[in-house]
Amino acid sequence: MPQVVVNMEEKRRVKRRSIPDEDDDSESEEERLRDQRDREELERHLKDRDAAATRKLGEAKSTRREEEFYVVFPYISVSGFASAVALLGVQKVFFLVEVGSFDVYDKAVGGGSGASLPSIVLKVSRQEYLKKREEKIVNQLRDEIEDEQYLFDGVKLTEAEYRELRYKKEIYELVKKRSEDADDIDEYRMPEAYDQDGGVNQEKRFSVAMQRYRDSGAGDKMNPFAEQEAWEEHQIGKATLKYGSKDRKQKSDDFQFVFEDQIDFIKASVMDGVNFEDEVPSESLDKSMEKSAFEKLQEDRKTLPIYAYRDELLQAVDNHQVLVIVGETGSGKTTQIPQYLHEAGYTKRGKIGCTQPRRVAAMSVAARVSQEMGVKLGHEVGYSIRFEDCTSEKTLLKYMTDGMLLREFLGEPDLAGYSVVMVDEAHERTLSTDILFGLVKASASFAMEMGRTTIWAREGQIRGGKLDIARFRPDLKLLISSATLDAEKFSDYFDSAPIFKIPGRRFPVEVHYTKAPEADYLDAAIVTALQIHVTQQPGDGDILIFFTGQEEIETAEEILKHRTRGLGTKIPELIICPIYANLPTELQAKIFEPTPEGARKVVLATNIAETSLTIDGIKYVIDPGFCKMKSYNPRTGMESLLVTPISKASANQRAGRSGRTGPGKCFRLYTAYNYYSDLDDNTVPEIQRTNLANVVLTLKSLGIHDLLNFDFMDPPPAEALLKALELLFALGALNKLGELTKVGRRMAEFPLDPMLSKMIVASEKYECSDEIISIAAMLSVGSSIFYRPKDKQVHADTARMNFHTGNVGDHIALLKIYSSWKETNYSTQWCYENYIQVRSMKRSRDIRDQLEGLLERVEIELMSNSNDLEPIKKAITAGFFPHSARMQKNGSYRTVKHPQTVYIHPTSGLAQVLPRWVIYHELVLTTKEYMRQVTELKPEWLVEIAPHYYQMKDVEDPGSKKMPRGAGRASQD
DNA sequence: GAGCACTGC
């Protein structure tokens, strides 16, 4: 029976593991010793093949030819074990693994007896194993190759065909010779029971074995050899031919691809499937056909795993103010919980809000729930995302993006309209959820200090991390839903809030690791994909490979095309689908097209496929273990994108992508040891690696003064906070006491970086708000405006330079782009002609519209002054004066305030012009320290606009400035 | 002569 696991018991268990010194030493000591033993075993294993650890390509590859390797037998019986030992010439039992758990090494057991063993990993001799495989090659190749002999004589071959054939022949000779030498084939015979003629007819033997395997099905645990056979078959298939194939040429290609360059995987664990067998009961299917769609939806609701927990859940919500809900994918938590709460009457006291990290999620979930409730979207059920508020007075269930709720917080700090707030997907730890948590907790602990009475706090009264404008809301329920890993952490953060667990529904996923680290993961990924493609039935599932970015995806695409080119029908068709966020939308659609019969799709994706979009039909996931991650250096104010190893949470998320429509497999291009010891448990939360200027402004405008003591779940580096405070002070958003000024209050209204907000606020003075909001909108869509296809780079670049005539600077160029587009009545054709991405332009139009609305709110008149660029540049300077740089003699630049050497980004219109003084939008660290989006300015503007920040000595002639201190040049020189 | 993972307001 389902049960509420509210749970001190559960908590204690986990505590014990993480804090070993606590009360029960004996057990943790034992655990520690066991861990150590496992570790030692593992390290020994690693030492055995230490050459593998090299980063060099050649060496790493050579390790694939090691003399010993490991075979995994899951669910094996004792007799099965004995047969396996005999069959494979086992040299050593390496260790035992419990299947069905990630904690392979954690839970490895020492003994080998017992009636039902868990999985066994055996160390076998490669040579022995090869012999066995080769015997099969001989049988299958012989006839075909002999058939082809005549080709050498009569027919003129192409070079490729000739080599192919020769290669095949060589292998044949080699194999034949070896099996003749080793006249001990019988030693490797399949066990008698599998061998109807007791003997020599190898082909029959294999087909019998294969038949048994097919009959028994992959998941059949009654047949101890089923999985083993499947595994072997897979191994054999990888190295040789597709079993039963009639296409000769295909086989030779297999050799070309896989035999030479094969990657060995160890199946290490299985992510258990949960409840995947209890789909809609079949007998109810017929009945439901007759019912209305609405009734059917109601029935579907009852088949969700969460349905069984409905009453307990409502009880738990009733009893606790904060509840952490652990619901795995497919449990139905996002759609059902708000409905349950509504049915239980919570909506009588106020709305139920449910936050999502992504816009599409908020929209689609709302649409689904409105269907289930039989109401029109936007009435009782609605959603609210930026640019689109689909709610009304009637709305009771409101799905929204987390950033949207944060914005609402600004206008309504007690969330008066809500009776329940549910933060979904909290484990993703977006910037907004982290801030929301801090805010809610501050208000909750404030409530606890003040007791049960409802209290209005007077503004400014309470300091030290507590809200001063929030009203205590003892009736507000907070639900936090998260994936398994983080639940304890959330619970601890919210003063041991109870945890409610709901099982999910997904299919099991086999996880395979490489035996040795792969030095070139791009190549390894491609080889693995081809291995899968060639050896597995087409049509059984598509492949998803994770890469770090566009460039990698493009090269992978080329290599794949190159390797499959000219093979025509020799291998099943392979459809290559690249996907990344910057890919034009019409090309993105390709991945959602169903795979044609007899073909296989291979999707080359960035992280976008990890959470943001789901592709049906994926059965194989290849995970090289890297992604690009933004990091921010608060000291230099420099951002950079670094290729970083992913976290365990990420790796599991990726693996799970293969088990959405059926059992899946995940091939990790790193070793199990890497996984357990090198990968972090969780990705560093965004709040710890980003520029906090906007966060600080938001919190300040909510009346939170003491940011250094604000209770963040994972506090950001103090340096980043101080840097943000310093910047806000310089911009005039905060006064010397760190309090929000009038300027700051206006700035906080804009959903932009504070420097952009300041630029807009300052545009009032320079009477050019119309132009400035266009620039701000263009700047905030970022760098995806220009479209630069590989084959038309020159055209794209000349098109771009057209906007730079007169060396007006990048900001003005962006303005020109926007206004030209507007003049063509927002023409798509115009965008194509100028190599500009329509999507980005539409987005900047949306942002601009929003900003225009907000101008009214902060009472800034929309004024245009397009003929004179100087006021526009001055307004930009008013926002970006801390980002000034001066040219040095060698053409590099030096930032004025916190001196460091930087360069103009080559894509800038001013890259060749090199003005004496520039102002830049952002610093990025790529191959060099670059300033992106640069505009020329007059140095005296700095002193005029920001006298508190610059003095004359900062901006005078470089000649005097560059001299060392006290070198005798007075500043008046 | 570089190179922009992904969200969100």
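Since this is a predicted model, take the numbers as computed values, not measurements. Residue numbering restarts at 1 for every chain, and letters A, B, ... go by the order of the sequence lines. Basis for what follows: all heavy atoms, side chains included, without hydrogens, waters or symmetry-related copies.
- Rounded to whole Å, atom C1' of B:dG1 lies 13 Å from atom CG of A:L914.
- For the pair A:Y632 OH and B:dC6 P, the interatomic distance rounds to 22 Å; values are reported in whole Å.
- The residue among A:R386 and A:K928 whose nearest nucleotide of DNA chain B is located toward the 5' end is A:K928.
- Taking only side-chain nitrogens and oxygens, A:T401 never comes nearer than 4.0 Å to OP1 or OP2 of B:dT7.
- When rounded to the nearest whole Å, the span between CD of A:E425 and P of B:dC6 equals 19 Å.
- B:dC4 atom P lies 14 Å from atom CD1 of A:I553, rounded to whole Å.
- For A:K628, the side-chain atoms get nearest to B:dA5 when compared with the rest of B:dA5, B:dA2, B:dC9.
- In this structure, of B:dA5, B:dA2, B:dC4, it is B:dC4 that holds the atom nearest to the side chain of A:N582.
- Here the P atom of nucleotide B:dC6 and the CD atom of A:E552 are 13 Å apart, to the nearest Å.
- Side-chain proximity of A:A581 to B:dC9, B:dA2, B:dT7: nearest is B:dT7.
- B:dG8 atom P lies 13 Å from atom CG of A:D846, rounded to whole Å.
- The distance from atom CD of A:E852 to atom P of B:dC9 is 20 Å, rounded to the nearest whole Å.
- An OP1 or OP2 oxygen of B:dC9 is reached within less than 4.0 angstrom by a side-chain nitrogen or oxygen of A:R359.
- Distances from the side chain of A:I608 to the nucleotides B:dA5, B:dC9, B:dT7 place B:dT7 closest.
- In terms of position along DNA chain B, the nucleotide closest to A:T548 lies nearer the 5' end than the nucleotide closest to the other residue of the pair A:L752 and A:T548.
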From CA spacing to verdict: salt bridge (Lys or Arg N to Asp or Glu O under 4.0 Å), A:E408, A:K398
CA-CA 13 Å; A:E408 284 190 11; A:K398 183 170 174 182; 2.7 Å; yes
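- For B:dG8, the OP1/OP2 oxygens have no side-chain nitrogen or oxygen of A:T430 closer than 4.0 Å.
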